[in-house]
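Whatever order the structure lists them in is the order used to number ligands and atoms, beginning at 1. Computed over heavy atoms, backbone and side chain alike; hydrogens, waters and symmetry mates excluded. In this chain, residues are counted from 1 in sequence order.
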Amino acid sequence: MTTTTHRSVCPHDCPDCCGLLVDVDAGRVTAVRGDPEHGFTRGVLCPKVSHYERTVYAPGRVLTPLLRRGKKGEGQFAPIGWDEAVARIVERWRAIVDDAGGEAILPVSYAGTMGLIQRNATHALFHKLGASRLGRGICTPAQDAGWKQVMGETPGPDPDEVVASDLVILWGIDALATNLHFLNLVKEARRRGAHVVLIDTWRQPTAALVDQVVLVRPGTDGALALGMLAVLAADGLIDRSFVAAHVDVDGFAALERTALADHAPALAAGRTGIGAAVIAELARRYARARAPFIRVGGGPFRAANGAAALRAMLALPAAVGAWGKKGAGLLASTGTGGAVDLAPFVREDLLPKPTRTVSLNQLGHALTTLDDPRVLSIYVSHCNPANVCPDQGAVLRGLARDDLFTVVHERFLTDTARYADVVLPAPTMLETADLYRSYGQFWLQRTRPVIAPLGQSRSNWDTARALAVALDFTDEVFQRTADEHIDALLAVPSPWRAQEDRAALDAGTPTRLRPPRGRWLTPTGRIRISPSQDLPAFVPAAADAVDEETRRRYPLRLHPAPALHRLNSSFGERADAADRPLQPRPSLRVHPSEAAARGLVDGESVIAENQLGETRAQLLATADVPPGVAVAVGVSTLAEAGGPTVNVLMSPHLTDHGQGSTFSDNRCQLRRAD
Ligand SMILES: Nc1nc2c(c(=O)[nH]1)N[C@H]1C(S)=C(S)[C@@H](COP(=O)(O)OP(=O)(O)OC[C@H]3O[C@@H](n4cnc5c(=O)[nH]c(N)nc54)[C@H](O)[C@@H]3O)O[C@H]1N2
Ligand SMILES: Nc1nc2c(c(=O)[nH]1)N[C@H]1C(S)=C(S)[C@@H](COP(=O)(O)OP(=O)(O)OC[C@H]3O[C@@H](n4cnc5c(=O)[nH]c(N)nc54)[C@H](O)[C@@H]3O)O[C@H]1N2
Ligand code: SF4
Ligand SMILES: [Mo]
């Protein structure tokens, strides 16, 4: 047999956005490797995506449309044809629109695929239907909002440059699991002499690869940043000429005064649990570094004070003039949104009238309580709300409603799909065309299908088109193929892309973007320390602002952390013999003293509870977690947890800005199971 090799891209919600090489024999994928010619990912893949052929051909792939036979949630289905599936959906939607209006329909999509076409494929359809809009703030919108307030549209620094740094701070990021290629560059910087610090709530796996671990109380990163700023101000370590030339001078002066008065290390120590001497030493080290690079993850910003925390952190590189030095700065997201304008594909203008926005973080409320109109149908695509949303108890009650018409477009029979009335089969990225940009690097890549869609699976875009045609929507947007849309999007010039790169892009070659550099893309042309006169302040997280009684009943500060062998709810399909570590038992990590105080022992089955519900997990007693904290690694299925998962304990409360999720900002208590 002859093997052919094709380029593709990893579609998962990961900052690295790896270039792939895919071997195909007689129409079948035989191997998936890293593309050594990709300028950022350089031929290396994480353990999840190497052997992706096992995901493509996993026994659990949904390969035909399915119609529900049993009760919602049972997972009993019978195969039907696409024509019947589309006809049933369209008939039901027409009746709902007539009776209750388009807003009774809600699209539920997120980041199962990050390809610009497939991820955004359903928007035009639901705009045209006049459906409710989904607020997709489940990840880090508070971080984005904090960045925007201070840095405006300025892109993030180049991750490649971290090799030139002499002080790297990994702040609330488990880079070993979630940002492997950046971590490899940090290792290179370390080989060249850089000091690497990890700031997290526990000694997570990346801790083994750094020089110094600083443990901060959950939700107090803003206090730590302001405490460091107070040291810089008191010790005369501020780069006055940088501030004068680039920063909102009055705002910075006011922030300095506030930091000195209210955030001196002794005060910051009380809030963060970090010794005053450690805060002072870290601040001095930061100021004296030639090129200090901060890389933040998501954890610190999924809290009620998330945007405030990033704003406080962004005062640090401004204070020491890190910006503009090679190998220095603060990376949250590379911010490549300007590279491709999606407006002609997403077609907001098709909305017949403004409609309400429903937060994905409050889907449980939307499905159980929201009225006027009640949500009567959801269309779930590249999202797994039964497993990933907070307030899981309400989400599951909502999904169980008999009068809710649920369509789920999926690759696998997820917990969400088990509640569907109609399941539609979705392909993997190797079966579709797309265009990928990243939030962790500066490369753009176009892909074409490497193999034909398996079974009767259809891409998100082809499915949206089929529904649009059946609804008699004749707008031009629904007439183009995915490839034609990519051509049209790339035909619109962007300062981020050079025209001469087009041929390489069309050939599927990873292509370097050209982020605008050399000025602050803010309304004032300066780094804005105090947009609209409000200073970055330390506000306690929601779970720290509770009354004494709540604190006593639920003494542990609970937050999630990423799993090495899963990506959110994805990769459970690989739980076969060859990939056993992909099937972990849901667990909760606490300090041995917390276990002992409750008469619990390492490894036993416990119930974790709070005011929202309870879940069962295996207790892992480990000194990696400080007293007072409980860490839930990974996203589990209902079957693995034997009932609701840890997300039943996660509050639907939203962040200070950006309507973000607050997964990091919760409490619980533990007791022995049975
Ligand atoms: N406990 C806990 N909960 C969490 C998190 C956590 O760490 N812990 N993380 C949170 C975060 S940061 C996020 S971003 C969210 C993520 O939430 P989601 O975006 O919902 O999670 P994923 O598991 O990445 O993807 C969902 C589904 O997309 C499907 N899919 C993949 N490709 C395609 C495709 O081309 N078409 C279709 N139709 N489907 C496809 C996959 O099979 C998968 O079931 O979860 C949040 N929830
Ligand atoms: N293997 C793997 N890779 C992934 C994912 C995955 O689930 N698994 N998820 C993908 C997605 S959607 C995303 S958004 C990214 C997320 O990538 P990361 O940012 O690495 O992951 P987070 O889940 O946000 O958690 C990061 C760290 O924040 C810590 N943390 C929680 N609360 C606080 C706090 O208050 N302060 C501080 N300093 N630290 C805190 C947690 O302990 C954790 O170690 O990774 C992506 N890549
Ligand atoms: S999940 Fe991330 S590291 Fe793994 S292959 Fe995909 S982009 Fe690369
Ligand atoms: Mo995320």
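Of the listed options R136, H382, R61, R411, R411 places a heavy atom closest to atom 31 (C) of ligand 1. One option in D174, T206, D200 has a heavy atom closer to atom 44 (O) of ligand 2 than any other, and that option is D200. Counting only non-hydrogen atoms, the option in M114, E410, R566 that gets closest to atom 42 (O) of ligand 1 is E410. Of the candidates L198, N305, L224, T201, it is T201 that places a heavy atom closest to atom 33 (C) of ligand 2. Nearest-heavy-atom check against atom 17 (O) of ligand 1 across V388, L649, V380, T463 picks out V388. Checking H409, Q392, Q118 against atom 38 (N) of ligand 1, the nearest heavy atom belongs to H409.
From the protein, the heavy atom lying nearest to atom 11 (C) of ligand 1 is N568 OD1, 4.0 Å. Protein heavy atom at the shortest distance from atom 25 (O) of ligand 1 is G112 CA, 3.3 Å. The nearest heavy-atom contact from the protein to atom 34 (C) of ligand 2 is D221 OD2, 3.4 Å. Closest protein heavy atom to atom 26 (C) of ligand 2: G172 O, 3.2 Å. The nearest protein atom to atom 3 (N) of ligand 1, hydrogens excluded, is given as N647 ND2, 3.2 Å; this is a heavy-atom distance.
Less than 4.0 angstrom separates some heavy atom of C139 from each of these atoms of ligand 2: 14 (S). Each of the following atoms of ligand 1 lies closer than 4.0 Å to a heavy atom of V635: 2 (C), 3 (N), 4 (C), 5 (C), 6 (C), 8 (N). Close approach to D13 involves these atoms of ligand 1, each under 4.0 Å from a residue heavy atom: 14 (S). Atoms of ligand 1 lying under 4.0 Å from any heavy atom of A426, numbered from 1 in the order shown and given with element: 36 (N), 37 (C), 38 (N). Heavy-atom proximity to T414, at under 4.0 Å, picks out these atoms of ligand 1: 44 (O). Annotation for ligand 1: atoms under 4.0 Å from non-hydrogen atoms of S381 are 38 (N). Listed by number with element, the atoms of ligand 2 under 4.0 angstrom from any heavy atom of S664 are 31 (C), 32 (N). Atoms of ligand 2 lying under 4.0 Å from any heavy atom of P218, numbered from 1 in the order shown and given with element: 35 (O). Annotation for ligand 1: atoms under 4.0 Å from non-hydrogen atoms of F663 are 3 (N), 4 (C), 46 (C), 47 (N). For ligand 1 and R302, the ligand atoms under 4.0 Å from any heavy atom of the residue are 12 (S). Atoms of ligand 2 lying under 4.0 Å from any heavy atom of G297, numbered from 1 in the order shown and given with element: 19 (O). Which parts of ligand 2 touch G298 is read off a 4.0 Å heavy-atom cut-off, strictly below it: atoms 19 (O), 24 (O). The contact set between ligand 1 and C383, taken as ligand atoms under 4.0 Å from a residue heavy atom, comprises 20 (O), 26 (C), 27 (C), 28 (O).
In terms of N/O distances under 3.5 Å, ligand 2 is approached by A563. The distance criterion of under 3.5 Å between nitrogen or oxygen atoms is met by G219 with respect to ligand 2. The shortest N/O to N/O separation between A177 and ligand 2 falls below 3.5 Å. By the 3.5 Å distance cut-off applied to N or O atoms, G299 is counted among the residues near ligand 2. Considering backbone and side-chain atoms alike, Y439 places every N or O at 3.5 Å or more from each N or O of ligand 2. Between I173 and ligand 2, no pair of N/O atoms sits closer than 3.5 Å.
Atom CG of D35 and atom NE2 of H38 lie 7.5 Å apart (nearest 0.5 Å). To the nearest 0.5 Å, atoms CG (L310) and CG (L330) are separated by 6.0 Å. Taking OG1 from T645 and CG from D415, the interatomic distance works out to 8.5 Å, rounded to the nearest 0.5 Å.
Within the 4.5 Å cutoff, the side chain of L20 has no heavy atoms near those of the R33 side chain. Between V388 and Y110, the closest side-chain pair of non-hydrogen atoms is not below 4.5 Å.
Aromatic ring centroids of Y52 and H12 lie under 6.0 Å apart. Aromatic pair F301/W171: ring centres not closer than 6.0 Å. Taking the centre of each ring, F293 and Y286 stay at or above the 6.0 Å mark.
Using cut-offs of 30° and 60° on the angle between ring planes, the pair W82 and H409 is perpendicular. Under the 30°/60° scheme for interplanar angles, the aromatic rings of W461 and H485 are found to stand perpendicular.
Between the S664 side chain and the A303 main chain, no donor and acceptor come within less than 3.5 Å of each other. The backbone N or O of L116 lies less than 3.5 Å from a partner atom in the side chain of N120, making a donor-acceptor pair. Within the 3.5 Å criterion, the main-chain N or O of F571 finds a donor-acceptor partner in the side chain of E573.
For the side-chain contact (heavy atoms from CB on, under 4.5 Å) test with P218, the passing option among V631, N666, V629 is V629; the others fail. Between I173 and the choices L176, I169, L170, the side-chain contact (heavy atoms from CB on, under 4.5 Å) rule is met once, by L170.
In this model, a donor atom of one side chain and an acceptor atom of the other lie less than 3.5 Å apart for D16 and N179.
Below the 2.8 Å limit, atom 2 (Fe) of ligand 3 has as protein N, O or S neighbours C14 SG.
With a 6.0 Å cutoff to the six-membered ring centre and a 45° limit on the axis angle, R295 counts as a cation-pi contact of F182.
Applying the side chain to side chain donor-acceptor pair (under 3.5 Å) criterion to T64, with sequence neighbours excluded, gives no partner residue.
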